[in-house]
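Take a look at the structure set out below.
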Amino acid sequence: MKIATSDEIRAIAGVDTRKCMKCGKCSASCPAYNEMDIRPHQFVSYVQNGDVEALMNSKSIWKCLSCFACVERCPRDVKPAKLIEAVRLSVIRQRGENYLSPDEIPALLDDETPQQLLMSAFRKYRK
Amino acid sequence: MPIDNNENKEFKPVIVAFCCNWCSYAGADLAGSSRLSYPADVKIIRVPCSCRVNPLFILRAFQKGADGVILCGCHPGDCHYSTGNYYARRRMTLLFSMLDYMGVENGRTRVEWVSAAEGVKFSQTMNEFIEQVRSLGKNVRLEDLRCKKN
Amino acid sequence: MQEKLVSRAKELLSDGTVVRVLGWRKGDTDFSAEPAFFESAESLDEFTYDGFCGANLSKYMIKASKEEGKTLVFLKPCDTYSFNQLIKEHRVDREKTYIVGVGCDGKLDIEKIREAGCKGITAVTEDGDTIKVATVYGDKELKREDVILERCKACKGGKHVAYDELAEGCDEEKPAKEGRFELVEKLEAMAPEERFAFWQNELSRCIRCNACRNVCPACSCIKCVFDNDRYDTAQKANTTTFEEQMFHIIRAFHVAGRCTDCGECSRVCPQHIPLHLLNRKFIKDIDEFYGEYQAGEDTDSRAPLTNFTQEDVEPSIVKERG
Amino acid sequence: MQRIGVFVCHCGTNIAATVDVKKVVDVISKEPGVVHAEDYQYMCSETGQQKVIDAIQNEHLTGVVICSCSPRMHEGTFRKAAEKAGLNPYQLEIANIREQCSWIHKDMEEATEKAVILARAAVAKVMLDTPLTPGESRVVKRALVIGGGIAGIQTALDIADAGYEVDIVEKTPSIGGRMSQLDKTFPTLDCSSCILTPRMGEVNAHEKINIYTYSEVESVGGFVGDFKVDIRKKARYVDMDKCTGCGLCQEKCPSKKNLSEFNRGLSNRTAIYTPFAQAVPNVPVIDTANCIHFKTGKCGICSKVCAAGAVNYDQKDEVITREYGAIVVATGFDTISLDKFDEYYYNQSKDVITSLEMERLMNAAGPTGGKVVRLSNGEHPKDIVFIQCVGSRDVTCRGKSYCSKICCMYTAKQAMLVRDHYPDVNVHVFYIDVRTPGKNFDEFYRRAVEEFDVDYIKGQVGKVSEAPNGRLLVQGSDLLDNRQIKMEADLVVLATAIEPSKDARKLATMLTASMDTNDFFTEAHAKLRPVESPTAGVFLSGVCQGPKDIPETVAQAGAAAVKVVGLLAKDKLTTNPCTAESNPLFCNGCASCEKVCPYGAISYEDRQVNDHGIRETRHVAVVNGALCHGCGACTVACPSGAMDLKGFSNRQILAEVDAICR
Amino acid sequence: MYQISREKMPELLAAVAKEMDLFLPVQNNGITNFGFWTEDAKVDLDTLKTVKSPKDAFFPQSEVLYSCYQKANKTSIEPAALKDAPFAIFGVRPCDVRAFDVLDRVFLSEPADVYYAARREHGIVVSLACHEPEDSCFCKTFGIDAAEPQADVAMWQVADGYAWEAKTEKGEKLTELVKEYLTEQDLAKEVEAEKEAIRTLIDKMPNSNLSLEGWGVGKTKERFDDPKWKELSDACLGCGTCTFSCPTCQCYDIKDFNTGNGVQRYRCWDSCMYSDFTMMAAGNNRTTQMQRFRQRFMHKLVYFPDNNDGMYSCVGCGRCVEKCPQSLNIVKVIKRMGGTK
């Protein structure tokens with residue numbers, strides 16, 4: 001897997017990571033926090049510090065619900081979800097890095113899962 | 001910076017420096033009392049504030065034979081009149097951009113913020129600026145042929 | 001269209017809403033309509049509104065505002081920006097103005113028609129996008145797009161920003177035309193020597209007739225610095241190339257942030273100097289440095305040169321961007 | 001014809017060692033207009049000055065150029081000498097041939113040449129000098145203080161104690177301001193009203209101080225030393241002179257369910273009310289929106305029970321005009337609205353309160369008599385969560401980009417006091433940074449942690465919601481432990497950002513005083529003139545200028561008072577003669593100059609002009625010399641050159657340019 | 001009569017330029033004006049109307065009259081040198097040739113203007129008949145024949161070149177100088193045909209036969225207070241486009257310029273349309289644009305004929321007709337106030 005640079009991530013996300021004042025409100029707001037190995041607020045500092053590799057290998061990018069609570073509540077306009085999205089895109093845009101394959105779908109299906117969710121999952125986890 | 005007198009001995013540029021009374025003129029005085037030398041090509045005109053400098057003055061200087069014009073004022077935020085240098089900054093940015101657009105060498109104009117405490121910066125700035133103007137040579141793109149010295 | 005405008009003007013004259021009408025009078029040829037004041041219903045028979053009514057009438061409202069009573073003025077979309085700017089600078093009296101907004105499909109440039117090879121013109125008729133030109137040497141058909149004024153090629157989009165009423169059929173907005181800075185960018189991309197040569201060549205034709213200044217709605221000074229002996233800036237002729245530069249730089253600077261890009265300066269220049277490229281350079285710089293700003297869009301915003309932010313770019317940007 | 005005298009100073013050897021002074025005299029004496037040129041060892045000495053005086057008188061000089069040290073050094077000296085000789089002091093210019101010539105150059109020829117050029121430029125300028133006379137304007141010996149909080153009170157007292165009359169205008173029914181709402185003050189924990197109330201009494205009793213409560217500034221005219229201010233005294237419907245402050249009317253008023261502004265809506269008050277017990281003046285006002293008499297025409301109980309006959313339903317607003325020499329702005333602050341911060345559940349739950357509400361809750365005179373309770377059910381809380389930086393340091397459109405400065409300390413105070421009064425209550429504080437720069441401040445905060453066991457958590461709260469059991473659920477992060485916290489709480493206290501009073505912007509416009517983007521008043525100079533507005537005669541006191549705590553406010557209030565006293569102590573103001581001046585013949589009234597003037601010195605007038613035979617009325621700019629500081633911003637904004645600056649006129653600067661480039 | 005082919009023309013011009021200054025229509029970015037010949041100048045003899053007229057050749061837009069210097073308390077005055085060598089003006093149209101006669105009336109009547117007189121004396125005018133007249137032309141109104149240029153040398157466009165005829169002694173001399181490029185030929189028939197074609201075309205132009213009734217000698221009282229002046233001038237911007245493109249306007253201002261080394265006294269064109277024209281202590285005696293506008297046309301059509309044996313000072317070149325920014329012009333004035341069309 002080709003590892004993206006911090007500048008690329010920032011460019012995709014359109015986010016200035018230097019604006020972060022490390023208040024942790026993103027992580028405080030995150031409903032998927034406990035599922036994540038690297039937490040939303042850490043995404044910001046990892047990108048700032050140039051460790052994108054860890055992020056690309058982290059399971060957090062698949063756990064983020066894209067609920068944008070962190071984007072809404074961030075007082076500094078840093079938008080962690082956009083960074084997570086950018087890292088996720090950097091992964092799935094590469095050949096063979098899709099996170100979801102159609103074969104897996106039948107097993108995941110149940111009556112409660114809306115069609116819409118499948119669609120968005122495909123959009124989010126595949127190129 | 002030592003001045004290389006051998007290489008450019010012939011060309012002595014005429015340089016007009018507009019300095020605001022409160023910061024930059026005082027900075028120039030400090031450069032003087034600290035004996036920080038810069039070439040005699042620079043002549044300072046004292047103005048109350050950088051915002052007093054009309055683009056007309058700058059063009060007139062070039063017309064009458066100046067090879068470079070520099071404007072010095074208080075650092076943004078430190079203007080004695082609170083806001084003067086902010087206006088000066090916009091005016092000069094646009095004016096210099098226009099001169100550049102018309103093909104006048106952009107090294108002939110400069111704005112520098114020099115506080116009353118920055119004698120060193122004043123002298124350095126002048127040395128740098130003169131060097132730059134010297135490298136550009138005589139101003140011909142904005143000259144008035146009638147004012148050419150015989 | 002024209003009949004409707006005339007009858008509306010007559011109505012407003014007769015019901016006393018206005019005491020005079022500012023519009024265009026038919027010329028002695030198809031292509032020589034002139035701005036004119038009409039004070040009676042009969043005189044309005046000479047009123048015209050056609051492709052050659054390019055003149056921006058807003059500046060005449062300075063004069064009209066000094067007269068007694070209200071004036072009806074017909075303004076094309078782009079003229080209304082100039083009008084707003086004049087309001088902002090207290091040069092015209094809104095209370096004494098009744099604006100009827102008129103539509104515009106792009107005004108014609110007789111000089112371009114001549115340049116397209118039409119000599120000895122006896123008649124010009126508009127037929128949609130086709131312009132038919134009858135000449136002593138034979139007839140010609142031209143495409144409107146090819147012979148519209150420079151400014152119309154950068155149309156702001158046909159929106160009236162000031163009016164009391166809109167004439168029929170001109171409420172539809174068109175998209176603003178792209179590419180208004182194309183030529184500016186081309187010049188910026190040139191080497192300084194080339195730019196210098198370009199402008200020196202263009203400005204060398206300047207005859208200092210002051211048409212650009214006198215027609216400019218932003219140049220509304222009672223006494224221009226270039227007419228004022230007090231500052232040694234008065235020049236009646238360009239004696240050297242410097243004075244050409246001086247006049248045009250200072251003029252462009254004085255209207256920077258106030259110029260609505262109405263293009264009158266380029267329209268009237270007898271020597272076809274692309275003066276709008278100076279104004280557009282300032283507009284482009286202002287947009288880039290201080291955020292998009294359209295002069296005349298409103299009547300109360302601060303013009304970029306009478307405003308600032310603490311984070312403004314430094315003048316060194318000119319050097320740094322290369 | 002001008003007759004210019006040039007005097008070249010040797011300054012011992014300071015100048016003469018590098019500049020050939022004799023040669024300068026020789027060359028400059030041949031300049032057109034120069035009728036006298038001489039050199040001397042020390043021009044600034046008695047003898048040197050006498051030479052200048054003699055030459056002015058003997059040679060009938062019309063202008064003088066001194067080639068010497070920087071004008072910043074001796075311009076004043078030589079101007080005085082010129083004046084003594086009968087020459088207008090502003091017809092003298094200095095050519096700086098020391099700091100800007102002899103001291104920085106080594107080559108004599110070069111330095112001499114430059115000295116000549118500088119002298120020529122000065123001659124060119126002095127030729128165009130016109131005699132200038134500083135104007136004079138009167139000083140009204142009275143100050144206006146706008147705002148009756150601690151800032152206004154302190155400023156008023158200090159000015160009054162110096163012997164000048166002061167009026168305080170306060171928009172609410174009583175002076176006291178925010179400080180009167182506070183319980184204790186950090187870091188000493190003394191009771192706020194115990195220290196404030198005596199001050200309020202002092203103000204009330206001071207013979208030099210006049211208080212207009214329930215009043216607002218309606219318009220401001222004039223300029224430094226001579227302001228004219230219209231003050232609207234809103235109708236109280238209670239006669240100030242007759243009311244004895246017995247309080248019977250409030251006891252009997254049947255309209256009782258109106259939210260108390262003073263208690264931040266946590267309790268009710270009557271329609272006729274004094275905001276709090278120690279109010280000054282202790283005279284109630286009638287809130288007409290809720291008064292039964294005003295709503296229905298019936299009732300009238302207060303009027304009936306008032307033994308003094310002070311209630312007067314027919315009272316009308318009254319506008320009075322007063323003159324002042326100086327104006328102090330002390331308009332204070334408010335907390336921001338939390339409407340955009342739904343994640344904190346403030347609008348949804350009674351148990352989420354702002355810190356200012358917490359102050360009222362903890363105050364013995366407050367709605368609960370000082371008991372900290374859950375407002376939803378009146379129960380004693382077990383867990384209290386404090387959240388810092390609510391809306392502060394927030395660059396989005398929801399909050400304020402600045403630090404509100406006081407929150408860290410009052411949160412520590414409130415947390416400490418809660419733990420002190422109720423050792424059984426757990427107190428958690430979510431913080432981003434704890435900022436304690438101040439005397440005894442960090443010690444105070446550490447005491448909260450170390451002595452009172454307040455639980456400080458580094459992290460922000462993301463969400464407050466209601467737990468199924470009716471308590472509050474606080475979800476936050478603990479950045480140091482890298483974990484997300486979910487805890488239940490009974491009370492959540494928000495350290496809400498403060499912002500300048502809403503009315504301040506309107507006032508700033510009236511005063512032509514500038515404001516920053518956050519609506520804080522701008523100071524004349526951030527470092528050197530922090531209590532003055534750029535508008536002459538307008539001074540700043542308290543939070544209206546920027547967030548600050550009580551000691552800082554009081555210190556600034558005193559500083560503002562000193563500035564006011566310094567101004568009022570003068571009998572006349574001499575105005576700077578180097579001011580801008582507009583030529584009505586060239587002015588086109590475009591108002592560009594007015595927009596860039598930092599002092600509001602430019603206004604517009606319709607003037608009759610005679611422009612070479614054309615007589616007409618024009619809308620033209622007029623500069624008020626008393627307000628103009630002479631920066632010249634307007635001269636460049638003016639496209640027609642109508643605006644010029646005396647002493648640094650366009651022609652003069654152009655002449656200097658010409659002389660230098662010659 | 002001689003002939004010169006189109007191909008040979010550049011060589012002829014170069015030959016003239018070698019001997020003297022050569023002033024002729026040169027194209028710059030599509031715009032043609034008179035200018036000095038240079039090796040890379042784009043000579044343009046086809047464009048009928050230059051933007052500016054050739055009057056600069058004799059009466060330049062600005063010229064230094066004398067300079068003053070001050071050196072060590074001494075003032076010296078140096079008058080500008082008078083033109084003392086022949087120079088040629090090439091490609092002047094018949095109307096512009098007539099304009100020189102108008103200027104002569106002003107500058108050569110006593111006391112003669114020495115600067116102008118010297119140039120006039122040394123200038124050789126080579127004119128060119130109007131092969132393709134334009135709609136703005138109305139020279140015929142003033143009795144000018146676009147087919148018959150009156151100059152030192154006259155040229156007509158024929159087949160693959162130009163017919164060349166010297167008409168004066170000066171013209172003969174010039175012909176001598178360039179003889180090697182000319183071929184002697186009988187072109188009477190071709191030239192006559194060209195003249196006929198020109199006259200036919202001129203007659204088709206809308207303004208060729210304007211009536212000058214109501215204008216000319218002695219019409220001051222009749223015209224001066226005509227109410228039509230107001231409506232005609234309402235749109236006038238007061239710019240100098242008409243004046244500065246006009247071949248006969250002769251007003252000038254005299255000004256000083258401080259060069260830093262001395263003072264140059266120069267004169268430059270002025271326009272009676274300008275609000276600061278003839279500004280005096282008491283102001284301009286014409287305070288409204290209507291008065292200035294009236295002055296310009298009254299001067300051309302009434303005052304000048306009054307003082308110059310009926311000679312109009314308009315030659316019908318039509319430059320102002322084409323160039324006025326607001327489409328105001330002398331044709332409209334003549335038509336609307338002259339009674340008949």
Side-chain angles (χ1 to χ4, degrees), chain A residues 10 13-49 51 54-55 57-84 87, chain D residues 336 338 340-346 385-404 407-408 428-435 456-465 473-487 489 492 494-497:
Chain A
R10 276 191 288 255
V15 158
D16 182 356
T17 48
R18 284 172 305 186
K19 289 174 83 176
C20 175
M21 61 176 178
K22 301 182 170 40
C23 70
K25 196 164 179 181
C26 45
S27 284
S29 304
C30 184
Y33 183 92
N34 290 326
E35 305 287 321
M36 293 184 171
D37 49 351
I38 297 176
R39 274 58 191 263
H41 71 276
Q42 292 174 289
F43 262 77
V44 183
S45 53
Y46 273 56
V47 172
Q48 175 68 17
N49 297 333
D51 189 2
L55 298 176
N57 290 318
S58 122
K59 67 173 181 178
S60 299
I61 55 176
W62 314 117
K63 297 299 175 188
C64 166
L65 300 168
S66 302
C67 72
F68 290 130
C70 52
V71 172
E72 278 302 302
R73 290 174 193 163
C74 174
R76 310 294 301 174
D77 242 352
V78 180
K79 303 173 182 158
K82 297 227 167 170
L83 286 173
I84 298 174
V87 174
Chain D
I336 64 165
L338 291 171
K340 289 181 189 155
F341 290 90
D342 267 353
E343 70 261 36
Y344 295 125
Y345 220 53
Y346 175 78
V385 166
F386 287 88
I387 305 177
Q388 300 250 58
C389 289
V390 172
S392 296
R393 306 168 71 193
D394 184 327
V395 296
T396 70
C397 59
R398 302 197 300 168
K400 301 288 175 187
S401 60
Y402 50 84
C403 167
S404 296
C407 322
C408 286
H428 313 277
V429 178
F430 282 90
Y431 71 96
I432 305 173
D433 300 294
V434 178
R435 298 178 166 180
Y456 268 77
I457 304 165
K458 159 78 185 166
Q460 196 39 306
V461 167
K463 194 172 152 192
V464 178
S465 54
L473 188 64
V474 177
Q475 180 181 318
S477 60
D478 181 338
L479 294 177
L480 298 180
D481 291 355
N482 199 16
R483 69 191 166 103
Q484 196 177 54
I485 298 175
K486 283 190 177 127
M487 62 165 72
V492 169
L494 307 176
T496 313

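Below, read A as the first sequence line, B as the second, and so on, with proteins coming before strands; counting in each chain starts at 1.
With chain D as partner, the option from A/Lys19, A/Glu72, A/Lys22, A/Met21 having the largest number of non-hydrogen pairs under 4.5 angstrom is A/Met21. Counting heavy-atom pairs under 4.5 Å between each of D/Tyr344, D/Tyr431, D/Phe341 and chain A puts D/Tyr344 at the top. Comparing D/Ser401, D/Gly462, D/Gly476 by how many heavy-atom pairs each has under 4.5 Å with chain A, the most go to D/Gly462. Comparing D/Lys458, D/Gln484, D/Lys463, D/Arg483 by how many heavy-atom pairs each has under 4.5 Å with chain A, the most go to D/Gln484.
The nearest pair of heavy atoms linking D/Gln475 to A/Ala28 is NE2-O, 2.9 Å.
If you measure heavy-atom distances from A/Arg39 to chain D, the contacts under 4.5 Å come from the side chain alone. Contact annotation for D/Arg398: only side-chain heavy atoms (C-beta onward) come within less than 4.5 Å of a heavy atom of chain A. Neither the backbone nor the side chain of A/Cys70 comes within contact range of chain D; no heavy atom of the residue lies under 4.5 Å from a heavy atom of that chain.
Remark: side-chain polar atoms of A/Ser27 are not paired, donor with acceptor, to backbone N or O of D/Ser477 under 3.5 angstrom.
Note that CD of D/Gln460 and SG of A/Cys26 are 10.5 Å apart. Values are rounded to the nearest 0.5 Å. The CD1 atom of D/Ile432 lies 9.0 Å from the CZ atom of A/Arg76; values are rounded to the nearest 0.5 Å. We find the SG-CG distance between A/Cys23 and D/Leu479 to be 7.5 Å, quoted to the nearest 0.5 Å.
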